[in-house]
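In what follows, a single structure is set out as C-alpha coordinates and then discussed.
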Amino acid sequence: MTNERRFRIGVLGSGKGSNFVAIADACAAGSVPAEVALVLSDVAEAGILSRARERVIPAFFLPPGKFRTKLDEETEHNYVEALQAAQVDLVVLAGFMRVLKEAFLNAFAGRIVNIHPSLLPSFPGLAAWEQALAHGVRVTGCTVHFVDAGVDSGPIIGQQTVPVLDDDTDETLLQRIHSAEHVLYPKCVAAIARGEISIRGRRVLWRSG
Ligand code: GRF
(Lines give C-alpha, C1' and ligand atoms only; values in the text may rest on other atoms or scores of the structure.)
Protein backbone atom coordinates (compact mmCIF):
# COMPACT_ATOMS: atom_id res chain seq x y z
CA MET A 1 0.00 0.00 0.00
CA THR A 2 1.21 3.47 -0.79
CA ASN A 3 -0.22 6.76 0.37
CA GLU A 4 0.48 8.41 -2.95
CA ARG A 5 -2.36 10.72 -3.95
CA ARG A 6 -4.34 9.40 -6.90
CA PHE A 7 -5.05 11.58 -9.93
CA ARG A 8 -8.60 12.87 -9.52
CA ILE A 9 -11.13 13.23 -12.30
CA GLY A 10 -14.37 15.24 -12.31
CA VAL A 11 -16.86 14.20 -15.00
CA LEU A 12 -19.61 16.43 -16.42
CA GLY A 13 -22.40 14.88 -18.47
CA SER A 14 -25.97 15.46 -19.56
CA GLY A 15 -26.89 12.03 -20.93
CA LYS A 16 -26.55 8.28 -20.63
CA GLY A 17 -22.99 8.31 -19.37
CA SER A 18 -21.54 5.45 -21.40
CA ASN A 19 -18.21 7.28 -21.70
CA PHE A 20 -18.22 7.93 -17.97
CA VAL A 21 -18.77 4.18 -17.43
CA ALA A 22 -15.86 3.32 -19.74
CA ILE A 23 -13.53 5.65 -17.83
CA ALA A 24 -14.77 4.77 -14.33
CA ASP A 25 -14.52 1.06 -15.03
CA ALA A 26 -11.04 1.49 -16.52
CA CYS A 27 -10.04 3.34 -13.32
CA ALA A 28 -11.47 0.54 -11.20
CA ALA A 29 -9.65 -2.05 -13.31
CA GLY A 30 -6.36 -0.13 -12.98
CA SER A 31 -5.85 0.61 -16.69
CA VAL A 32 -6.44 4.32 -16.00
CA PRO A 33 -4.29 5.35 -13.00
CA ALA A 34 -6.89 7.70 -11.54
CA GLU A 35 -10.18 7.84 -9.71
CA VAL A 36 -13.42 9.55 -10.61
CA ALA A 37 -13.90 11.87 -7.64
CA LEU A 38 -17.12 13.56 -8.71
CA VAL A 39 -19.83 13.48 -11.38
CA LEU A 40 -21.96 16.55 -12.09
CA SER A 41 -24.94 16.87 -14.40
CA ASP A 42 -27.17 19.69 -15.57
CA VAL A 43 -30.00 17.15 -16.09
CA ALA A 44 -31.66 15.82 -12.94
CA GLU A 45 -32.67 12.48 -14.43
CA ALA A 46 -29.52 11.90 -16.53
CA GLY A 47 -28.37 8.29 -16.68
CA ILE A 48 -24.83 9.37 -15.87
CA LEU A 49 -25.91 10.23 -12.30
CA SER A 50 -27.48 6.85 -11.60
CA ARG A 51 -24.59 5.01 -13.22
CA ALA A 52 -22.18 6.96 -10.96
CA ARG A 53 -24.23 6.24 -7.85
CA GLU A 54 -24.28 2.53 -8.71
CA ARG A 55 -20.49 2.75 -8.52
CA VAL A 56 -20.60 4.69 -5.24
CA ILE A 57 -19.12 7.76 -6.87
CA PRO A 58 -20.43 11.13 -5.58
CA ALA A 59 -22.86 12.42 -8.21
CA PHE A 60 -24.95 15.57 -8.16
CA PHE A 61 -27.43 17.44 -10.28
CA LEU A 62 -26.49 21.12 -10.33
CA PRO A 63 -29.32 23.23 -11.77
CA PRO A 64 -28.06 24.81 -14.99
CA GLY A 65 -29.58 28.28 -14.61
CA LYS A 66 -31.55 30.30 -17.09
CA PHE A 67 -29.75 29.60 -20.38
CA ARG A 68 -30.17 26.65 -22.72
CA THR A 69 -26.70 26.15 -24.14
CA LYS A 70 -24.41 27.54 -21.46
CA LEU A 71 -24.25 28.01 -17.68
CA ASP A 72 -25.05 31.41 -16.23
CA GLU A 73 -22.39 33.10 -14.10
CA GLU A 74 -23.68 31.92 -10.75
CA THR A 75 -24.19 28.36 -11.97
CA GLU A 76 -20.76 28.23 -13.53
CA HIS A 77 -19.36 29.33 -10.18
CA ASN A 78 -21.21 26.46 -8.47
CA TYR A 79 -19.74 23.92 -10.90
CA VAL A 80 -16.21 25.28 -10.44
CA GLU A 81 -16.58 25.34 -6.67
CA ALA A 82 -17.79 21.73 -6.53
CA LEU A 83 -14.93 20.54 -8.74
CA GLN A 84 -12.35 22.48 -6.75
CA ALA A 85 -13.74 21.20 -3.45
CA ALA A 86 -13.34 17.67 -4.83
CA GLN A 87 -9.73 18.59 -5.74
CA VAL A 88 -10.03 17.35 -9.29
CA ASP A 89 -6.93 17.40 -11.48
CA LEU A 90 -8.82 16.96 -14.75
CA VAL A 91 -12.34 17.85 -15.87
CA VAL A 92 -13.71 15.28 -18.32
CA LEU A 93 -16.68 16.31 -20.42
CA ALA A 94 -18.69 13.26 -21.39
CA GLY A 95 -21.75 14.35 -23.29
CA PHE A 96 -22.10 17.65 -21.41
CA MET A 97 -24.43 19.69 -23.61
CA ARG A 98 -23.39 23.19 -22.55
CA VAL A 99 -20.54 25.41 -23.70
CA LEU A 100 -18.14 26.39 -20.90
CA LYS A 101 -17.30 30.06 -20.57
CA GLU A 102 -14.22 32.01 -19.47
CA ALA A 103 -14.54 31.70 -15.68
CA PHE A 104 -14.71 27.91 -15.92
CA LEU A 105 -11.98 27.65 -18.58
CA ASN A 106 -9.66 29.85 -16.50
CA ALA A 107 -10.27 27.88 -13.31
CA PHE A 108 -9.13 24.67 -15.05
CA ALA A 109 -6.86 26.05 -17.76
CA GLY A 110 -5.41 23.23 -19.87
CA ARG A 111 -7.17 20.67 -17.67
CA ILE A 112 -10.50 20.19 -19.44
CA VAL A 113 -11.03 17.50 -22.09
CA ASN A 114 -13.97 16.55 -24.28
CA ILE A 115 -14.91 13.77 -26.67
CA HIS A 116 -16.66 14.49 -29.95
CA PRO A 117 -18.24 11.90 -32.28
CA SER A 118 -16.40 12.84 -35.49
CA LEU A 119 -12.88 13.31 -36.79
CA LEU A 120 -12.46 16.98 -35.97
CA PRO A 121 -12.18 19.50 -37.49
CA SER A 122 -14.85 17.83 -39.65
CA PHE A 123 -18.39 17.99 -38.37
CA PRO A 124 -18.22 20.01 -35.14
CA GLY A 125 -21.45 20.76 -33.28
CA LEU A 126 -24.57 18.67 -32.90
CA ALA A 127 -25.30 15.20 -34.36
CA ALA A 128 -21.86 14.85 -35.95
CA TRP A 129 -22.59 11.29 -37.11
CA GLU A 130 -25.64 12.53 -39.04
CA GLN A 131 -23.51 15.25 -40.60
CA ALA A 132 -20.97 12.60 -41.63
CA LEU A 133 -23.61 10.35 -43.15
CA ALA A 134 -25.28 13.25 -44.96
CA HIS A 135 -21.92 14.39 -46.36
CA GLY A 136 -21.11 10.92 -47.66
CA VAL A 137 -17.69 10.46 -46.05
CA ARG A 138 -16.38 6.88 -46.09
CA VAL A 139 -14.52 7.23 -42.81
CA THR A 140 -15.48 9.07 -39.64
CA GLY A 141 -14.66 8.46 -35.98
CA CYS A 142 -14.20 10.26 -32.70
CA THR A 143 -11.83 12.85 -31.28
CA VAL A 144 -10.64 13.61 -27.75
CA HIS A 145 -9.47 17.20 -27.43
CA PHE A 146 -8.61 19.87 -24.91
CA VAL A 147 -11.42 22.38 -24.44
CA ASP A 148 -10.96 26.00 -25.42
CA ALA A 149 -13.42 28.87 -25.85
CA GLY A 150 -14.68 27.58 -29.21
CA VAL A 151 -17.03 24.72 -30.03
CA ASP A 152 -15.11 21.44 -30.49
CA SER A 153 -12.06 23.48 -31.47
CA GLY A 154 -9.30 22.82 -28.92
CA PRO A 155 -5.99 20.95 -29.48
CA ILE A 156 -6.53 17.33 -30.50
CA ILE A 157 -5.26 14.66 -28.11
CA GLY A 158 -6.38 11.51 -29.89
CA GLN A 159 -8.57 10.24 -32.71
CA GLN A 160 -9.99 6.89 -33.71
CA THR A 161 -11.39 6.18 -37.15
CA VAL A 162 -14.43 4.06 -37.95
CA PRO A 163 -15.68 3.09 -41.43
CA VAL A 164 -19.00 4.30 -42.80
CA LEU A 165 -20.75 1.31 -44.36
CA ASP A 166 -23.15 1.38 -47.31
CA ASP A 167 -26.14 0.27 -45.29
CA ASP A 168 -25.42 2.45 -42.23
CA THR A 169 -28.25 4.33 -40.59
CA ASP A 170 -27.79 7.13 -38.07
CA GLU A 171 -28.18 4.52 -35.33
CA THR A 172 -25.72 1.92 -36.65
CA LEU A 173 -23.06 4.53 -37.36
CA LEU A 174 -23.49 6.14 -33.95
CA GLN A 175 -23.20 2.75 -32.28
CA ARG A 176 -19.91 2.07 -34.07
CA ILE A 177 -18.58 5.51 -33.08
CA HIS A 178 -19.62 4.95 -29.45
CA SER A 179 -17.69 1.67 -29.33
CA ALA A 180 -14.59 3.50 -30.56
CA GLU A 181 -15.14 6.28 -27.99
CA HIS A 182 -15.18 3.80 -25.14
CA VAL A 183 -11.66 2.70 -26.08
CA LEU A 184 -10.21 6.08 -27.07
CA TYR A 185 -11.38 8.18 -24.10
CA PRO A 186 -9.94 5.97 -21.32
CA LYS A 187 -6.68 5.69 -23.31
CA CYS A 188 -6.34 9.49 -23.55
CA VAL A 189 -7.30 10.07 -19.92
CA ALA A 190 -4.77 7.44 -18.81
CA ALA A 191 -2.01 9.18 -20.77
CA ILE A 192 -2.90 12.53 -19.15
CA ALA A 193 -3.00 10.96 -15.67
CA ARG A 194 0.43 9.46 -16.28
CA GLY A 195 1.80 12.86 -17.29
CA GLU A 196 2.56 11.68 -20.81
CA ILE A 197 0.74 14.48 -22.63
CA SER A 198 2.09 17.94 -23.38
CA ILE A 199 0.85 20.76 -25.59
CA ARG A 200 3.03 22.65 -28.07
CA GLY A 201 0.89 25.33 -29.69
CA ARG A 202 -1.98 23.44 -31.26
CA ARG A 203 -0.10 20.17 -31.25
CA VAL A 204 -0.48 17.64 -28.48
CA LEU A 205 2.55 15.44 -27.94
CA TRP A 206 2.51 11.94 -26.45
CA ARG A 207 5.51 10.70 -24.54
CA SER A 208 5.36 6.98 -23.97
CA GLY A 209 6.07 6.13 -20.34
C1 GRF B 1 -20.80 10.90 -27.00
O2 GRF B 1 -21.14 10.45 -28.28
C3 GRF B 1 -19.80 12.00 -27.09
O4 GRF B 1 -19.01 11.92 -28.24
C5 GRF B 1 -20.65 13.24 -27.15
O6 GRF B 1 -21.75 12.95 -26.31
C7 GRF B 1 -21.99 11.56 -26.29
C8 GRF B 1 -22.10 11.16 -24.85
O9 GRF B 1 -22.58 9.84 -24.71
N10 GRF B 1 -19.89 14.40 -26.74
P11 GRF B 1 -22.56 9.18 -23.27
O12 GRF B 1 -23.43 10.03 -22.36
O13 GRF B 1 -21.14 9.11 -22.81
O14 GRF B 1 -23.17 7.81 -23.47
Side-chain angles (χ1 to χ4, degrees), residues 9-28 32 34 36 38-55 57 59-62 64 68-71 79 90-100 104-105 108 112-134 137 139-164 168-190 192:
I9 297 170
V11 181
L12 269 53
S14 311
K16 288 202 300 284
S18 66
N19 281 286
F20 154 73
V21 166
I23 291 168
D25 290 357
C27 289
V32 173
V36 180
L38 180 65
V39 173
L40 298 176
S41 182
D42 58 329
V43 177
E45 64 281 6
I48 192 171
L49 291 175
S50 41
R51 297 177 100 172
R53 289 173 188 141
E54 281 161 20
R55 289 167 174 75
I57 292 171
F60 303 100
F61 162 60
L62 286 190
R68 211 169 47 83
T69 58
K70 62 176 185 175
L71 303 170
Y79 274 76
L90 182 72
V91 177
V92 169
L93 305 185
F96 191 62
M97 298 306 286
R98 288 167 193 273
V99 178
L100 301 177
F104 196 119
L105 298 177
F108 292 97
I112 310 172
V113 294
N114 182 43
I115 188 158
H116 182 76
S118 75
L119 295 176
L120 291 171
S122 291
F123 314 128
L126 295 175
W129 63 97
E130 290 181 18
Q131 296 184 51
L133 212 47
V137 293
V139 175
T140 184
C142 51
T143 302
V144 174
H145 64 92
F146 285 108
V147 174
D148 65 11
V151 174
D152 304 322
S153 59
I156 289 171
I157 302 166
Q159 295 186 298
Q160 177 62 51
T161 58
V162 307
V164 180
D168 262 335
T169 62
D170 289 346
E171 290 70 32
T172 57
L173 181 56
L174 179 59
Q175 198 46 252
R176 196 172 307 116
I177 293 171
H178 271 322
S179 299
E181 289 184 338
H182 300 158
V183 177
L184 180 68
Y185 217 176
K187 183 174 138 193
C188 292
V189 170
I192 294 170

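Indexing begins at 1, ligand by ligand and atom by atom, following the structure's order. Scope of the values below: all heavy atoms of this structure, side chains included, with no hydrogens, waters or symmetry mates. It should be emphasised that the depicted structure is a prediction, and the values quoted were computed from it without experimental measurement.
- Within the structure, every pair that satisfies the side-chain hydrogen bond (donor to acceptor under 3.5 Å, both in side chains) test and touches residues 140-150, not counting sequence neighbours, is listed here: N114-H145, T143-Q159, D148-S153.
- Annotation: salt bridge (Lys or Arg N to Asp or Glu O under 4.0 Å) contacts involving residues 39-50, sequence neighbours excluded, comprise D42-R98.
- The side-chain contact (heavy atoms from CB on, under 4.5 Å) test with H116 is passed by exactly one of D152, V144, I177: D152.
- With 3.5 Å as the limit, one finds a donor-acceptor pair spanning the side chains of H178 and E181.
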Given R176 and D168, is the side chain to side chain contact (heavy atoms under 4.5 Å, CB included) satisfied, shown in steps? CA-CA 10 Å; R176 196 172 307 116; D168 262 335; 2.7 Å; yes
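- In this structure, ligand 1 sits under 4.0 Å from heavy atoms belonging to G15, K16, G17, S18, N19, G95, I115, H116, P117, H178, E181.
- Sorted by first and then second residue, the salt bridge (Lys or Arg N to Asp or Glu O under 4.0 Å) pairs with a member in residues 15-27 read D25-R55; sequence neighbours excluded.
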